[in-house]
There are 2 protein chains.
Amino acid sequence: MGRPGAPRGQGRDRVVAAALELFSERGVSGTSLQMIADSLGVGKASVYYQFKTKDDIIQAVIAPAFEQIRHILAETEASPAPQETLVASLVDLVIAHREVMAALSYDPAVRRFLESHEEASALILKLGQTLLGPAPAARRRVATSMFGAALSGVGVDPNLADIDDATLRRELIDLGRTLLHASAANQI
Amino acid sequence: MGRPGAPRGQGRDRVVAAALELFSERGVSGTSLQMIADSLGVGKASVYYQFKTKDDIIQAVIAPAFEQIRHILAETEASPAPQETLVASLVDLVIAHREVMAALSYDPAVRRFLESHEEASALILKLGQTLLGPAPAARRRVATSMFGAALSGVGVDPNLADIDDATLRRELIDLGRTLLHASAANQI
DNA sequence: GTCTATATCAGGATAGAC
DNA sequence: GTCTATCCTGATATAGAC
């Protein structure tokens, strides 16, 4: 079966899609390879044919988001007003990967995974530092932390599921800027 | 050993304290009863002597926070300006139970636990509705969700560990009110 | 590529000795 | 109250047939 050649990553993509859905419902630790296999209607061993370990699946699930983070950072560093544009870029990131954020932001398994992958941790650290700016006061640090948590949180919140992406994006950017401006050293 | 009588809940308290620390480091699902036992220097069965199931331990860990939530709700309902005082009360809650919040807010195991305990879910639902007010617009709903996520998030954030409780409390209340006022229908 | 079967291990939970 | 020993279940992962 399956014509020879052109076996592009269909199998892998199906696994990633199924994993993402289950992760967002039950968390990473709460999702077994058996569940992923069941939701695809295949056996466990077939999943292992596509990915050697569960960590490899996690990596594949979060890869697109991190690709976008890399892009955002490059873009931000070239911007004359980094913090202003970064707020909007981060909101776009959350909107684009709403499910992934909800599923992964606070999962302990993912945190361990990130800690063992230095480049990913470095990316996130850089994001935070850019948002904070140099020598931030306590108020600024609290506001930045609140904004970060809020970004992840709105994805998790099922109460907001009925709000469309455009509206959510607009309000998030606006409220996020309100929050950060209220803590800026050089605010107007 | 151990003199007869006066065996007050010392054993249980030690288990709860150890569990809280491990939960906050590794998440609930990532913490086994073996780990709790090891950190106490006892065997697994000794932990089971104090608590019949792991769920019972979870319940004991979050019980103080929920006790305070009940108190806050009663207080809020008697207040002439519920939303104003609720913001401060919730911040106090987070400050008082900083570790528990960090450990439990987003853990899938805890979410399942809450879903199976209706009164706990009802409490949290009531909190949200009070903060939202009647017939909230999308902006208000997003702001409220952001505030809720931010409350949990600042507990999780290790970057804020060095900020003392009083400062954190002040900034959280102030920034929280900024956020909510920016989305109030009847704002000044 | 998918299956069945299995090895290996860890988790929650219980029984019974001390 | 704590221990050792054990049961049962489910998880990751592998081997080898089809």
Side-chain angles (χ1 to χ4, degrees), chain A residues 1-23 25-61 103 107-110 112-113 116, chain B residues 1-23 25-62 103-104 107-113 116-117:
Chain A
M1 339 64 188
R3 19 183 247 290
R8 283 162 312 199
Q10 298 180 357
R12 289 177 67 94
D13 289 348
R14 285 183 68 219
V15 171
V16 169
L20 175 56
E21 180 153 344
L22 287 167
F23 286 173
E25 283 172 12
R26 320 190 32 104
V28 175
S29 315
T31 301
S32 68
L33 295 187
Q34 184 67 65
M35 294 175 191
I36 297 174
D38 286 350
S39 89
L40 288 171
V42 302
K44 250 191 311 185
S46 300
V47 176
Y48 274 105
Y49 175 79
Q50 307 284 4
F51 294 94
K52 286 197 102 60
T53 70
K54 192 181 182 183
D55 262 18
D56 288 348
I57 299 179
I58 298 178
Q59 189 165 30
V61 168
D107 194 291
V110 175
R112 268 197 310 254
F113 178 85
S116 64
Chain B
M1 329 80 184
R3 10 183 255 290
R8 285 162 310 200
Q10 299 180 356
R12 288 177 69 94
D13 289 348
R14 285 183 67 217
V15 171
V16 168
L20 175 56
E21 180 154 343
L22 286 167
F23 286 173
E25 285 171 12
R26 321 191 32 106
V28 176
S29 315
T31 300
S32 69
L33 295 188
Q34 185 67 67
M35 293 176 194
I36 296 175
D38 287 348
S39 90
L40 289 171
V42 302
K44 247 196 306 187
S46 299
V47 176
Y48 273 104
Y49 174 80
Q50 307 284 3
F51 294 94
K52 287 195 101 61
T53 69
K54 191 182 180 181
D55 263 16
D56 288 348
I57 300 180
I58 298 178
Q59 190 165 28
V61 168
I62 66 180
L104 306 180
D107 193 293
V110 175
R111 297 177 91 84
R112 268 199 309 258
F113 177 86
S116 64
H117 289 66

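Below, chains carry the letters A, B, ... as their sequence lines are ordered, and counting in each starts from 1. Basis for what follows: all heavy atoms, side chains included, without hydrogens, waters or symmetry-related copies.
Across all non-hydrogen atoms, the minimal contact from B:Tyr48 to B:Thr53 is CE2-CA, 4.5 Å. Considering all non-hydrogen atoms of both residues, B:Lys54 and B:Thr31 come closest at NZ-O, 2.7 Å.
Atom pair B:Ile57:CD1 and C:dA13:C1' shows a separation of 12 Å (rounding to whole Å applied). Computed from coordinates, the B:Lys54 NZ to C:dG12 C1' distance equals 9 Å when rounded to whole Å. The NZ-C1' distance, from A:Lys52 to D:dT14, rounds to 10 Å in whole Å. Note: CG (B:Leu33) to P (D:dT4) measures 17 Å, nearest angstrom. Remark: P of D:dT9 and CD of A:Gln34 are 16 Å apart, rounded to the nearest angstrom. When the C1' atom of C:dG1 is taken as reference, atom CZ of A:Arg14 falls 11 Å away, rounded to whole Å. Atom CZ of A:Phe51 and atom P of D:dT12 are 15 Å apart (whole Å).
Within 4.0 Å (heavy atoms only), A:Thr31 reaches sugar-phosphate atoms of the nucleic acid but no base atom.
Within residues 36-49 of chain B, the residues that have a heavy atom under 4.0 Å from DNA chain C are, in order of number, B:Lys44, B:Ala45, B:Tyr48.
For B:Gln50, counting side-chain heavy atoms from C-beta on, the closest listed nucleotide (D:dA11, D:dA13, D:dT2) is D:dT2. Of all nucleotides listed (D:dA11, C:dA13, D:dA13), D:dA11 comes nearest to the side chain of A:Met35.
Taking CD1 of A:Ile57 as the reference point, atom CG of A:Leu20 lies at 12.0 Å (rounded to 0.5 Å). We find the CG-CD distance between B:Asp13 and B:Gln10 to be 8.0 Å, quoted to the nearest 0.5 Å.
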Working note: B:Met35 + B:Arg26, criterion side chain to side chain contact (heavy atoms under 4.5 Å, CB included); need CA distance, chi angles, decisive distance, verdict. CA-CA 11 Å; B:Met35 293 176 194; B:Arg26 321 191 32 106; 3.8 Å; yes
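For B:Gln59 and B:Asp55, the side-chain atoms include no donor-acceptor pair closer than 3.5 Å.
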